[in-house]
Each structure stands twice: as structure tokens, then as C-alpha cells.
Amino acid sequence: MTALACLGTAALTAGAGAARGAAVHVASIALAEPLSPLTPALCPVGALPDGDACVRIQSDDDDAPDAPSQVNAHHDKRGRWIVYDQIPRRPDRPADYDAYRYPVPCEHGCVVSGYDLDRPDDSQRRGWRLSHVGHGAVDLPQKKGTPVTMVPLEHQVGDAEVVYVGPLFGTTVLTRHTLREGGQLRDYLLLFGHLDAPAPGLAAGVHLAAGAAVGFVGDTGSPELVHLHLEARRIRDGVDIGKVLRTGPGALIDNDSSIVCDPRNVLPLR
Ligand SMILES: [Zn+2]
């Protein structure tokens, strides 16, 4: 049950108590007296009273709110001004990386480098060892060989599907996830980068349920920096993944095909 569903149950209990209180009040004093403040507010269908406010009941199959993309830009390593789309963290999602579950074991403090493509150019990640400016992902250092297992994303419909296994960000696995968002179904990609190896038998078309093996943490493409690079991207409407992949996996993570997204919008909460 989600936190909000719990809130809904609490509101229901409080509402029932308030209703009982109101009934006693009316019976023992006077029918003509105005309804006391304990009387539950009248709420529309799909909402419950919480004091004098209405709280929307959120069930597990509700949509995520819409998450519009925004335009941002930065100077790349060669000094060119690069304009790109990105989806920042929604205001309803916690900023604290420790609030989320990850595909690797993580108690707290596992994310050493977070999402910064929503920040101004001069606040984005740069370093002589880094090939890119900015970071559209989370980095999770782990011991080499640590198993990476699938986590179901928030509002995901069905299993994830492997769309690519091979070189990209070092040894990489790309998976497709269909999410309910903003009143429609949208496809997202998860990119698992710098793997030591993919899970045995993993290939395009394989379906991965929660807990299924994705691969093993490594440092391919990032020598001696053993970590999982976990990136989330929303496939643009109308993009045919199979067709784009025929151009190569890089085309799928191009701004024309998919929009980089703060992973906190889609990762499951603890
Ligand atoms: Zn990274």
C-alpha cells in the first residue's frame, strides 16, 4: 500500500470517528444547531475528508502526475552550447536519494553523484576524467560483481522488457518500462551502465519481473570507478524503439528519441 493510500485509510478512520461524534452531538443537544466543526467535509468522489480539507485517495493503479519536459543547455567539453530537453524531479517526489529503492543493495548514502541536468550550466558536473558535462543519472558505487536486480518503477504496467544488451556506457543493459502517467501510458527506458557483465541469457525481448537478474556491477567504460550508472529516459511519443535501434543503441538515448529524466520521478519509494 502506498503512503498516500495509508493516509487515505487514516482519513477514513478519522472521518468515521468524527461522524460518530457528530451523531451523538446532534442527538444530545438540538437538531437545529449548526453542524459542529467535527462534521466531515463533503468531498468529491475519489477523496476523503481530512479536517476541513479533502484528500485524494490514491490507489496503486493511479496515474503518476504529468511530468512536463523543460529545455536546458550547457557548454560541452568542446565549448559548444548544447540545448537539450530534460524532465526535472516532480515537486511531489522526495529530493532525498535515500527515500528510493535501487537495483543494487543500498541502505543509505549510496548515490554519490545525482541528477544535475536541471541545473544551470556552471552548476553541472565536470571533470577531466568525465567524457560528458552534467549528469543525467545516479551513480551507485558498489563492489565489483554485485548483482543488479530489477526494481519495478512507480506506476509501471507489466514487466520490463530488455531492448538492448551490449556496449554503450561500457557494458550496458537497456530496458523498456510502460508507466501510467498524466492520464496516458508512456514508455521509459532504464539504462544500466558500466556493468561487469549482463546476467546470463539476457537478450533483447526478454521480460524481467521485479527481482530478476539484470547483471553485475563493474567498471567497463569507467576504469577503476566501479559503480552502477542508472539513467531513466522517457521515449518520445511516436518513436518506434525497434526502428531506432537499427541505427544503433546510441540513437535511442539521443535527445531526438528520448528525454533524459530525473530518476527520482520513476524509482520506487522505500
Ligand atoms: Zn553516471
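As the structure lists them, so they are numbered: ligands from 1, and atoms in each ligand from 1.
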Quick one: hydrophobic cluster around Val157, which other residues, with the 4.5 Å side-chain cut-off, linked directly or via members?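 Besides Val157, the cluster holds Leu185.
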
Residues sharing Ile253's hydrophobic cluster, by side-chain heavy-atom contacts under 4.5 Å among ILVMFWY, directly or via others?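 Reading the cluster by chain and number, Ile253 sits alongside Val163, Tyr164, Leu168, Phe169, Leu174, Leu189, Leu191, Ile235, Val239, Ile241, Val244, Leu245, Leu252.
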
Salt bridge check, [Y] against [X]: does any charged N sit closer than 4.0 Å to a carboxylate O?
X	Y	result
Arg186	Asp66	yes
Asp118	Arg89	no
Asp262	Arg93	no

Relative to the Zn ion (ligand 1), how many protein N, O or S atoms have a separation of less than 2.8 Å?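 There are 3 of them.
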
Could you pull out all donor-acceptor pairs under 3.5 Å where a side-chain atom in residues 102-112 meets a protein atom, sequence neighbours excluded?
{"unit_1": "Tyr102", "atom_1": "OH", "unit_2": "Tyr97", "atom_2": "O", "d": "2.8"}

